[in-house]
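Since the structure is predicted, the reported quantities are computational estimates derived from the model, not experimental observations. Keep in mind that the numbers below use all heavy atoms, side chains included, and drop hydrogens, waters and symmetry copies.
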Amino acid sequence: MNFENYQRILDELKPYSAQLIAVSKTKPQHAILELYNHGQRHFGENKVQEMVAKQAQLPYDIQWHLIGHLQSNKVKYVAPFVTMIHSVDSLKLLQEIDRQAQKNNRVIDCLLQIHIAREETKYGLAPDELHQILNTGEIGLLQNIRICGFMGMATLTHNQSLIEDEFAGLKTLFDEIKEKYFEPVSYFRHLSMGMSSDYPIALRHGATFVRVGSLLFGDRG
Ligand SMILES: *Cc1c(COP(=O)(O)O)cnc(C)c1O
């Protein structure tokens, strides 16, 4: 556990009022507890099974963020406790999250994952798919989810200006969509972007959540 990095990142986030999500995927429970004991409450996992297992063993006031790709048939496992799902990339998935949230008597906060990277392998909605989903009117029928903003992952590159362009583009899209579809609601206000390698750039472009793993927990090998 790198507490120097932890403190430095918290100091860097402060002027932006952004929140740190400590990405604990593949890391053991004791590592999570160490950070928890330093006051960290938001943790991110990318696999359903791993998150469910950790949630059952660790303190109940941990806020769990699902940041990895989610299959509809696995929503039921996280619906009882998840704080936010960052990786929503279809209407079908939203509908299933709504259904499972209703069963659990909850409202689940979601982010739509937008494809901003040059790589083709990354998940996420293209802007035209996003408009398609928002234009159907179906979303208005979903009473047990809230769309709270967007998540995006920049291209894995040393080209800083490319990363800069991708985050800036996501912020522009966020502002457009907020104005067009979400102006009356206060909860559409989150941009989840930035990881260990690029979170300072993301902060400059309006990130409200940064998802940092290896700078805190060390390399995953
Ligand atoms: C693993 C992961 C991160 C954290 O990556 P680091 O480079 O370790 O900071 C952030 N977001 C997502 C979606 C991830 O899967």
Side-chain angles (χ1 to χ4, degrees), residues 1-3 5-7 9-10 13 18-90 92-113 122-124 142-151 153 187 190 192-196 199 208-221:
M1 182 60 50
N2 192 322
F3 291 112
N5 282 349
Y6 179 58
Q7 198 50 59
I9 293 168
L10 289 185
L13 296 187
Q19 293 257 18
L20 171 64
I21 296 174
V23 177
S24 48
K25 62 190 187 198
T26 77
K27 298 299 174 182
Q29 289 169 22
H30 69 80
I32 297 174
L33 259 187
E34 260 188 86
L35 208 52
Y36 175 90
N37 288 332
H38 271 68
Q40 180 65 24
R41 289 297 178 272
H42 292 271
F43 288 87
E45 291 282 339
N46 68 336
K47 293 210 168 84
V48 166
Q49 254 166 321
E50 189 176 341
M51 187 168 86
V52 169
K54 286 173 173 172
Q55 190 269 342
Q57 300 289 328
L58 286 161
Y60 268 47
D61 61 341
I62 287 182
Q63 312 242 321
W64 293 100
H65 295 255
L66 188 67
I67 62 174
H69 185 66
L70 177 59
Q71 289 171 295
S72 293
N73 61 358
K74 294 195 176 163
V75 174
K76 56 178 176 286
Y77 303 115
V78 299
F81 67 89
V82 69
T83 290
M84 187 176 271
I85 299 174
H86 291 231
S87 44
V88 177
D89 59 0
S90 72
K92 177 173 160 255
L93 182 56
L94 263 183
Q95 288 166 329
E96 177 61 10
I97 296 169
D98 183 69
R99 213 165 69 87
Q100 296 298 335
Q102 198 171 359
K103 276 192 183 172
N104 285 276
N105 245 316
R106 307 184 61 211
V107 173
I108 295 181
D109 286 345
C110 297
L111 302 179
L112 299 176
Q113 183 172 356
K122 295 253 164 77
Y123 293 106
L142 308 178
Q143 300 285 310
N144 291 74
I145 54 120
R146 296 197 302 184
I147 297 175
C148 297
F150 294 155
M151 187 267 247
M153 292 171 84
Y187 52 78
H190 284 295
S192 168
M193 56 186 194
M195 322 185 358
S196 291
Y199 76 87
T208 65
F209 283 119
V210 297
R211 310 176 309 269
V212 176
S214 42
L215 276 184
L216 303 173
F217 296 105
D219 286 339
R220 284 176 298 272

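In plain terms, the two heavy atoms of R106 and N144 that are nearest each other are O-ND2, 2.9 Å. Scanning both residues, M1 and A31, for their nearest heavy atoms gives CE-O, 3.3 Å. Considering every non-hydrogen atom in both L111 and C148, the closest pair reads CD2-C, 3.7 Å. Minimum interatomic distance between L93 and V75 (heavy atoms only, all atoms of both residues): CD1-CG2, 3.7 Å.
Residue pairs meeting the salt bridge (Lys or Arg N to Asp or Glu O under 4.0 Å) criterion with at least one partner in residues 75-87, sequence neighbours excluded, are absent.
D98 is linked by a side chain to side chain donor-acceptor pair (under 3.5 Å) to nothing, counting only residues two or more places apart in sequence or in another chain. Annotation: side-chain contact (heavy atoms from CB on, under 4.5 Å) contacts of Q7 (sequence neighbours excluded): L10, D11. Every residue meeting the side chain to side chain donor-acceptor pair (under 3.5 Å) condition with K54, not counting sequence neighbours, appears here in chain and number order: E45, E50. In terms of the side chain to side chain donor-acceptor pair (under 3.5 Å) criterion, residue partners of D61 (sequence neighbours excluded) are, by chain and number, Y36, R41. Residues passing the salt bridge (charged side-chain N to carboxylate O under 4.0 Å, His left out) test with E96 are R99, sequence neighbours excluded. Scored by the side chain to side chain donor-acceptor pair (under 3.5 Å) test, T208 finds H190 as partners (sequence neighbours excluded). Shown here are the ring-ring contact (aromatic ring centres under 6.0 Å, His included) partners of F3, two or more places apart in sequence or in another chain: H38. Applying the salt bridge (charged side-chain N to carboxylate O under 4.0 Å, His left out) criterion to D89, with sequence neighbours excluded, gives no partner residue.
Residues L94 and I147 have side chains in contact (heavy-atom distance under 4.5 Å, counting atoms from C-beta outward). Between F81 and N104 there is no side-chain heavy-atom pair separated by less than 4.5 Å. Taking the side chain as every heavy atom from C-beta outward, L70 and K74 approach each other to under 4.5 Å. Side-chain contact check for M51 versus Y77: every heavy-atom pair is 4.5 Å or farther apart. Between V23 and M195, the closest side-chain pair of non-hydrogen atoms is not below 4.5 Å. Contact of the V78 side chain with the V52 side chain is registered, since non-hydrogen atoms from C-beta on lie closer than 4.5 Å.
Without hydrogens or angle criteria, S24 side chain to K27 main chain gives no donor-acceptor distance under 3.5 Å. Remark: the backbone N or O of V107 is not paired with any side-chain donor or acceptor of R146 at under 3.5 angstrom.
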Could you give the side-chain donor-acceptor pairs of residues 209-221 under 3.5 Å, partners two or more places apart or in another chain?
| unit_1 | atom_1 | unit_2 | atom_2 | d |
| --- | --- | --- | --- | --- |
| R211 | NH1 | S192 | O | 3.0 |
| R211 | NH1 | S192 | OG | 2.9 |
| S214 | OG | S196 | OG | 3.3 |

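The CG atom of L66 lies 15.5 Å from the CZ atom of F43; values are rounded to the nearest 0.5 Å. With rounding to the nearest 0.5 angstrom, the OH atom of Y199 is 14.5 Å from the CE atom of M193. Taking CD from Q19 and CE from M84, the interatomic distance works out to 9.5 Å, rounded to the nearest 0.5 Å. With values rounded to the nearest 0.5 angstrom, H30 atom NE2 is found 11.0 Å from L58 atom CG.
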Decide side-chain contact (heavy atoms from CB on, under 4.5 Å) for H69 and S87; before the verdict, give the C-alpha distance in whole Å, the side-chain angles of both, and the deciding distance to 0.1 Å. CA-CA 6 Å; H69 185 66; S87 44; 5.7 Å; no
Output, in order, the C-alpha distance, side-chain angles, deciding distance and verdict of side-chain contact (heavy atoms from CB on, under 4.5 Å) for L142 and Q95. CA-CA 7 Å; L142 308 178; Q95 288 166 329; 4.1 Å; yes
Before you tell me yes or no, could you show the steps for I32 and I62 under side-chain contact (heavy atoms from CB on, under 4.5 Å), namely the whole-Å CA-CA distance, both residues' side-chain angles and the distance that decides it to 0.1 Å? CA-CA 10 Å; I32 297 174; I62 287 182; 4.1 Å; yes
For Q40 and Y6, run side-chain hydrogen bond (donor to acceptor under 3.5 Å, both in side chains): C-alpha distance rounded to whole Å, both residues' side-chain angles, the deciding distance at 0.1 Å, then the answer. CA-CA 9 Å; Q40 180 65 24; Y6 179 58; 2.9 Å; yes
Stepwise, does the side-chain contact (heavy atoms from CB on, under 4.5 Å) test hold for H65 with H42? CA-CA 7 Å; H65 295 255; H42 292 271; 2.7 Å; yes
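Remark: Q29 CD is packed, more than 12 non-hydrogen atoms of other residues, nucleotides or ligands lying under 6.0 Å away.
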